[in-house]
Amino acid sequence: MEDSKPKSLNFLEEIVQENLAAGQYPQGIFTRFPPEPNGYLHIGHAKSICLNFGLAQKFGGKTNLRFDDTNPMTEETEYVESIKKDVSWLGFTWANELYASNYFEQLYEFALELIKKSLAYVDDSSAEEIAAQKGTPTSAGTESPFRNRSVDENIALFQDMRAGKYPDGAKVLRAKIDMAHSNMHMRDPLMYRIRHVAHHRTGNAWCIYPMYDFAHGQSDSMEGITHSICTLEFDVHRPLYDWFIDKLAIFASHQYEFARLNLSHTVMSKRKLLQLVNEKIVHGWDDPRMPTISGLRRRGFTAASIRNFCDRIGVAKRDNLIDLSLLEFCIREDLNKSADRVMAVLDPVKLVITNYPDGQVEDLAIENNPEDLDSGKRIVPFSKELYIEREDFMVDPPKKFFRLGPGLLVRLKGAYIIQCDHFELNPDGSVKEIHAQYLPNSKSGQDTSGIHVKGTIHWVSIPHAVEAEVRLFDRLLIVEDASELGDDFLKFINPDSLQVLDKVYVEPSLREAEIGEAVQFIRKGYYCLDPDSTAERLVFNRTVTLKDTWAKEQNK
RNA sequence: UGACCUAUGGUGUAAAGGUAACACACCAGUUUUUGGUUCUGGUUUUCUAGGUUCGAAUCCUAGUAGGUCAACCA
């Protein structure tokens, strides 16, 4: 039985459903994810990946991974590898791994075909001359003096271009359409340019390379792509996309456009991300502050959380600016269910339990995850001297401070209730050491004290503590919307986007942590072990904080 | 003085001419050995003006606002 009330479809799904209902694609639908291998994938690409693969999955189709490698100046195999890794990591399997460069010979034949139909010509004009011929959006262009060369001359010239008889920039192949067209892209667009540059896959086999517009649609067509989805700015390319397919009389792929993802407090364009890397504002493409897939992965985001995020943001044709808090919600939602809880004291202050026997150690069994009863328990050693969080003690606490202060009672997580009776200050006025007494009959799980305390705080036993480094990340930009900042965006970098804590104490179980494994530091946030870690020194990345209503309360 | 795309709470996204809803965010309460989690409730919405219609977020017209387009980039 079909659902009587199907979940509402997005506009792309509606299109596919209508096409299918009309019997247009009996073989099923085909989509493709077509990155240019000139940089690393970011979360905007993740949206496109989820859309392309998701559409095919939903309607029983398939998705190709096609590298749009028509510009040898900028493309490298390094990027191909990282892109494949990221798409796989996100959890998608492509039907075929393909390259636009696979089609160079066929595209060349297509070009000859258009020349023979008098629909393309070789132009000797310079780049500047061609730009001048284009006119402006509000005034028609002018025709090139080379526009009416004979078919035979064009064929000979184009063959010579391929044969390498001309230097870069000497000639181009142009489509003969309409220099007065209201769409600039239809004013005799370039099809081929000369580039005596080695290509990462075809080497020196070619010295002419097709432009995006002459490669993309035909590549789609050759692969039988039914739904070629791309971002809004390609909308104006669609008439040209259709024109080439029509004149070549090949399988009609269709292009559909959606609004790209914009995320608050960050930048998304490859150029700007590259700038952050090159100017060493971040430490690389996989810096955990970067919105790249590799950065998010290193930061501790799970593939499921990113897929979920892409699902929740939806898809439409209007410009959007997604609040970072939605991404944070998605990772918290995932990790809350799956991450084991551990204790780590980020800003330590010493606590002495004066009535606890010297030298005694208790191995406490503490639940790993209250959200997952199957996760079991782990052993955490408890002793007379502990570290607690500096912010969990106040000399003169306000009314609703449910933590430690002179005379106040608080529970040590998984251990005992304690009461503070004394503290010592450093010369600078900061707290040096806190003294408290524990209630021996208040042990966690076997509490007969009858006392209920409002607060529970985390701790680490000093003799058992493992020292670690913790890296706290925050939003990259101090402004929400970077869209109109232009190159000025560097002035709005958050100076506190990275904060390194080099003397953090974590419980000993963390010695067994694995790179990338997510844990929750109780009351502090979700963290994961960074690849920079060594056997001697653990380095943790903060993925995201926990929601903190106390902090919010304080800011009021 | 162009063409094309778009306009729904703070942010996104639904509602196929018939009660404007869902998520995030925010606020209040509940639960809790994490000020986490859970659960409950709440605040806030159809760009403007006309028109068609019994009825318009939806259709039409005109405005307004935002975006895109003039790389031998993709």
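Just so we're clear, the structure is a prediction, and the values are computed from it rather than from any experiment. Just so you know, these numbers use all the heavy atoms, side chains as well, and skip hydrogens, waters and symmetry mates. First the proteins, then the strands, lettered A, B, ... as listed; each starts at 1.
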Legend entry - Donor-acceptor under 3.5 Å (A/D334 side chain, A/C330 main chain): no

Legend entry - Closest listed nucleotide, where the reference is the side chain of A/F402 and the choices are B/rC24, B/rU34, B/rG35: B/rG35

Inset, instruction - Could you check whether A/T231 gets within reach of a base, just the sugar-phosphate, or nothing at all, counting any heavy atom under 4.0 Å? - result: nothing

Inset, instruction - In whole angstrom, give me the gap between the C1' atoms of B/rU58 and B/rU46. - result: 10 Å

Inset, instruction - Kindly compute the distance separating CZ (A/R174) from OG (A/S125), expressed to the nearest 0.5 Å. - result: 6.5 Å

Legend entry - OP1 or OP2 of B/rG67 under 4.0 Å from side-chain N/O of A/R260: no

Inset, instruction - Report the nucleotide, chosen from B/rC4, B/rG2, B/rU8, that has the shortest atom-to-atom distance to any side-chain atom of A/P137. - result: B/rG2

Inset, instruction - Indicate, with a heavy-atom threshold strictly under 4.0 Å, whether A/T70 touches base, sugar-phosphate, or nothing. - result: sugar-phosphate

Inset, instruction - Mark yes or no for whether A/T70, through its side chain, and A/M211, through its backbone, hold a donor-acceptor pair below 3.5 Å. - result: no

Legend entry - Interatomic distance at P, B/rU8 relative to B/rU40, whole Å: 30 Å

Inset, instruction - Pick base, sugar-phosphate or nothing for A/V453, based on heavy-atom distances below 4.0 Å to the nucleic acid. - result: nothing

Legend entry - From B/rA71, B/rC26, B/rG36, nucleotide with atom closest to A/A131 side chain: B/rA71

Inset, instruction - Check each residue of residues 173-185 of chain A for a non-hydrogen atom within less than 4.0 Å of any atom in RNA chain B, then write out the ones that pass by number, or none. - result: A/S182, A/M184, A/H185

Inset, instruction - Classify the angle between the aromatic ring planes of A/F521 and A/F540 as parallel (below 30°), tilted (30 to 60°) or perpendicular (above 60°). - result: perpendicular

Legend entry - Flag, side chain of A/R542 to backbone of A/Y526, donor-acceptor distance under 3.5 Å: no

Legend entry - Separation between the C1' atoms of B/rU45 and B/rU19, rounded to whole Å: 15 Å

Legend entry - Note: A/D123-A/R149 ion pair, threshold 4.0 Å (strictly below): no

Inset, instruction - Taking atom types as modelled, find out whether A/Y241 and A/Q255 have a side-chain donor-acceptor pair closer than 3.5 angstrom. - result: no

Inset, instruction - Could you tell me whether the side chains of A/E223 and A/N64 share a donor-acceptor contact shorter than 3.5 Å? - result: yes

Legend entry - A/N71 side chain, from C-beta outward: closest of B/rA74, B/rA15, B/rG35: B/rA74

Inset, instruction - Would you mind classifying the nucleic acid contact of A/L321 as base, sugar-phosphate or nothing, using non-hydrogen atoms under 4.0 angstrom? - result: sugar-phosphate

Legend entry - RNA chain B contacts made by residues 476-484 of chain A, counting heavy atoms under 4.0 Å: none

Inset, instruction - Can you figure out which of B/rU34, B/rC24, B/rG12 approaches the side chain of A/I322 most closely? - result: B/rG12

Legend entry - Centroid under 5.5 Å and tilt under 30°, A/W550 to B/rG35: yes

Inset, instruction - Indicate whether OP1 or OP2 belonging to B/rU32 is found under 4.0 Å from a side-chain N or O atom of A/T456. - result: no

Inset, instruction - Name the closest nucleotide to the A/R193 side chain, picking from B/rA14, B/rU1, B/rC73. - result: B/rC73

Legend entry - Closest to the A/N336 side chain, choosing from B/rU37, B/rC72, B/rC24: B/rU37

Legend entry - salt_bridge(A/D220, A/R66) N-O dist < 4.0 Å: yes

Legend entry - Separation between the P atoms of B/rC60 and B/rG18, rounded to whole Å: 16 Å

Inset, instruction - Answer yes or no: does atom NZ of A/K165 have more than 12 heavy-atom neighbours from other residues, nucleotides or ligands under 6.0 Å? - result: no

Inset, instruction - Kindly indicate whether the side chain of A/R187, heavy atoms from C-beta on, has any atom under 4.5 Å from the side chain of A/I177. - result: no

Legend entry - Polar side-chain contact A/R403-B/rG35 base: donor and acceptor under 3.5 Å: yes

Legend entry - Short side-chain N/O contact to B/rU32 OP1/OP2 from A/K454, under 4.0 Å: no

Legend entry - Side chain of A/E36 (C-beta onward), nearest among B/rU37, B/rA74, B/rA71: B/rA74

Inset, instruction - Write down the distance separating the C1' atoms in B/rU68 and B/rC26, rounded off to the nearest Å. - result: 34 Å

Legend entry - P spacing across the pair B/rU64 / B/rA23, given as an integer number of angstrom: 38 Å

Inset, instruction - Indicate, yes or no, whether a donor-acceptor pair under 3.5 Å links the base of B/rU38 to the side chain of A/E371. - result: no

Inset, instruction - Would you classify A/R341 as touching base, sugar-phosphate or nothing, given that sugar-phosphate means primed atoms plus P, OP1 and OP2, and contacts are heavy atoms under 4.0 Å? - result: base

Legend entry - N or O in side chain of A/S264 less than 4.0 angstrom from B/rU11 OP1/OP2: no

Inset, instruction - Identify which nucleotide among B/rC5, B/rC72, B/rA7 has an atom closest to any side-chain atom of A/D235, counting heavy atoms from C-beta outward. - result: B/rC5

Legend entry - Residue-phosphate contact under 4.0 Å: A/R523 side-chain N/O, B/rG35 OP1/OP2: yes

Inset, instruction - Report yes if the distance between the aromatic ring centroids of A/F11 and A/F258 is under 6.0 Å, otherwise no. - result: no

Legend entry - RNA chain B: 5'-proximal contact among A/K443 and A/G314 (nearest heavy atom): A/G314

Inset, instruction - May I ask you to evaluate whether A/R312 reaches the phosphate of B/rA25, defined as a side-chain N or O under 4.0 Å from OP1 or OP2? - result: no

Inset, instruction - Output yes when a side-chain donor or acceptor of A/E367 lies under 3.5 Å from a complementary backbone atom of A/K377, and no otherwise. - result: no

Legend entry - Below 4.0 Å: OP1/OP2 of B/rG67 and any side-chain N or O of A/K317: no

Inset, instruction - For the pair A/K47 (side chain) and A/A259 (backbone), establish whether a donor and an acceptor sit closer than 3.5 Å, ignoring hydrogens and angles. - result: yes

Inset, instruction - Check every strand shown and say whether A/F521 touches a base, only sugar-phosphate, or nothing at a heavy-atom separation below 4.0 Å. - result: nothing

Legend entry - Contact nearer the 5' end of RNA chain B, comparing A/N10 with A/K547: A/N10

Inset, instruction - Between B/rC69, B/rU34, B/rC5, spot the one nearest the side chain of A/V236, thanks. - result: B/rC69

Inset, instruction - Answer yes or no: side-chain N or O of A/S444 and base N or O of B/rU33 forming a donor-acceptor pair under 3.5 Å. - result: yes

Inset, instruction - Give the ring-plane orientation class for A/H237 versus A/H185, where under 30° counts as parallel, over 60° as perpendicular and anything between as tilted. - result: tilted

Inset, instruction - Using the C1' atoms only, state how far B/rA57 lies from B/rA20, rounded to an integer number of Å. - result: 8 Å

Legend entry - Distance, C1' atom - from B/rA71 to B/rU48, rounded to whole angstrom: 39 Å

Inset, instruction - Could you tell me whether the side chain of A/L114 reaches within less than 4.5 Å of the side chain of A/M191, counting heavy atoms only? - result: yes

Inset, instruction - Please list every stem that involves RNA chain B, where a stem is a run of 3 or more consecutive Watson-Crick or G-U wobble pairs with both pairing distances under 3.5 Å. - result: B:2-7 with B:64-69, B:10-13 with B:21-24, B:26-29 with B:39-42, B:47-51 with B:59-63

Inset, instruction - Would you state whether a donor and an acceptor, one from the side chain of A/R411 and one from the base of B/rU33, lie under 3.5 Å apart? - result: yes

